[in-house]
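To start, the structure itself, in structure tokens.
Below, chains carry the letters A, B, ... as their sequence lines are ordered, and counting in each starts from 1. In this text, all values refer to a predicted model and were calculated from it rather than measured experimentally. The analysis underlying the following values was restricted to heavy atoms, covering all of them including side chains, and did not include hydrogens, waters or symmetry mates.
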Number of protein chains: 2
Amino acid sequence: MSLPHAILTALLEKPSSGLELTRRFDMSIGYFWSATHQQIYRELGKLEHEGYIRALPSAQPTRGQKKEYEVLPAGRAELARWTAESQDPKPIRDPLLLRLRAAGVVGAEGIDAELRRHLDLHQRQLSEYLEIEKRDFPPDRDTVEDRLRHAVLRAGIDLETFWTRWLSRTLAELEPPTAAAADASTPAEGNGPK
Amino acid sequence: MSLPHAILTALLEKPSSGLELTRRFDMSIGYFWSATHQQIYRELGKLEHEGYIRALPSAQPTRGQKKEYEVLPAGRAELARWTAESQDPKPIRDPLLLRLRAAGVVGAEGIDAELRRHLDLHQRQLSEYLEIEKRDFPPDRDTVEDRLRHAVLRAGIDLETFWTRWLSRTLAELEPPTAAAADASTPAEGNGPK
DNA sequence: AGTGGTTGTGCAACTAGTTGCATAACCTCG
DNA sequence: CGAGGTTATGCAACTAGTTGCACAACCACT
């Protein structure tokens, strides 16, 4: 039940059309929730039907034309209710970890290439977040809202940091020992006793 | 497409019945993939139908009676194929971060209680993982398989560590300044100049 | 006026995961 | 033996997210 609330939050920050929301979900909202434009349009329809949002009167109802939405009081109330609600964290579910475990059973051929690829992706994401932090959070402003937004971004930063560290360590642990243990096709020149 | 492969991995490690798998998913497998018993039974049916696994001959086909499965060569091949495949990491999607952002818009009332609750849950999970590490990974054994399994567990440990740190920091940042900034109903006794 | 790209909205079908419930076999205790 | 709990398998309906495509409006260039 998170997507409708993500949309309400985004619309409270700034009334938008479906496509604008999609772009915002790809950008800043993306570091804690992602969604495709189809999900967003469908959800906008539902939210309007339930009386949580409404289309701004300026927009015509024909297809292919921009339609902006704003949040109604009922929508704000629903968002406040949901925000204060108690929800348990969901257990981890990560395909990469699963594949690593599977590699332990069917053989680790080629898994290191995949680990390196992920490491690269996470490093890029991390430096992107650090850019955003530098740009959007100079050390002067300090409202509660700023702090909350900064905390959320920092979660993104810390998570990417975790991944890059874990991937580096895992790669380091898998590779050299494999080379040392494998007595075939390993050059191993210059480090034996003379 | 991860659940069937999680099941294949689990069955290769040890042939099991549906309920046994469910228990293993709640325990050790749970730190990288979770699943309910209904998902598992449904998937076992599909995997058997597709010729990846088969029921051990000892089991009778009646309902309510234990039915153990083992992986067939085709299943092992499929798992190896999937493990080596290239898959992009999925973007973060975390309701707690979303709620924190929403709190910045509709007000942060009561969110700190929720943060503390999550902190407690993550601390428990972390110490559970540390127990498992101490029990299952003594520093002597060192096969490639051990290393892979240990790396996966360490991802769980590091992730829980990230959460506990991030939650502690976020709580620390939200609370004292709020008390200092709010000039109403704050006792603030004994720390001013005499 | 016509073609081609961009912006924008939207349907339909599919895949994955969740929730609630039904039902059968088996074991234990009185 | 039969009542009640535990073990075990499974169906049906639902919710959430993904993929692929259709189509209208608008704009710019020729």
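- Rounded to an integer number of Å, the gap from A:Leu21 CG to C:dG10 C1' is 15 Å.
- B:His5 places its NE2 atom 12 Å from the P atom of C:dG17, with the value rounded to the nearest Å.
- For B:Arg42, no side-chain nitrogen or oxygen approaches OP1 or OP2 of D:dA12 to under 4.0 Å.
- Partner of B:Ser16 under the side-chain hydrogen bond (donor to acceptor under 3.5 Å, both in side chains) criterion, chosen from B:Glu68, B:Arg24, B:Glu70, B:Arg23: B:Arg24.
- The pair B:Arg124-B:Asp120 meets the salt-bridge criterion, with a side-chain N (NZ, NE, NH1 or NH2) lying under 4.0 Å from an Asp/Glu carboxylate O.
- A straight line from OH of B:Tyr69 to P of D:dT9 spans 8 Å, rounded to a whole angstrom.
- Here C:dT7 presents its P atom at 16 Å from CD of A:Glu68, a figure rounded to the nearest Å.
- Nucleic acid contact class of B:Ser2 (heavy atoms, under 4.0 Å, all strands): none.
- Between D:dT9, D:dT19, C:dG10, one nucleotide has an atom nearer to the side chain of B:Leu19 than all others, and that is D:dT9.
- A:Arg93 has a side-chain polar atom (N or O) that falls below the 4.0 Å cut-off from OP1 or OP2 of C:dT18.
- Remark: C1' of D:dG10 and NZ of B:Lys66 are 17 Å apart, rounded to the nearest angstrom.
- Here B:Lys90 does not reach the OP1 or OP2 of D:dT18: none of its side-chain N or O atoms lies under 4.0 Å away.
- The phosphate of D:dT19 has neither OP1 nor OP2 within less than 4.0 Å of any side-chain N or O from A:Gln38.
- Going from atom CD1 of A:Ile7 over to atom C1' of D:dA16 covers 13 Å, rounded to whole Å.
- Applying the salt bridge (charged side-chain N to carboxylate O under 4.0 Å, His left out) criterion to A:Asp88, with sequence neighbours excluded, gives B:Arg117.
- In this structure, the separation between CD1 on B:Ile29 and CG on A:Leu98 is 9.0 Å, given to the nearest 0.5 Å.
- Here C:dG17 presents its P atom at 6 Å from CG of B:Leu3, a figure rounded to the nearest Å.
- Ring geometry for B:His118 versus B:His122: interplanar angle of 30 to 60°, hence tilted.
- Atom CD in B:Glu43 sits roughly 8 Å away from atom P in C:dG17 (whole-Å rounding).
- With DNA chain D read from its 5' end, the first of the two nearest nucleotides for B:Arg23 and A:Trp33 is the one closest to B:Arg23.
- Nearest-nucleotide mapping onto DNA chain D: of B:Gly18 and A:His37, the residue sitting toward the 5' end is B:Gly18.
- One finds a side-chain N or O of B:Tyr41 lying less than 4.0 angstrom from the OP1 or OP2 phosphate oxygen of D:dT9.
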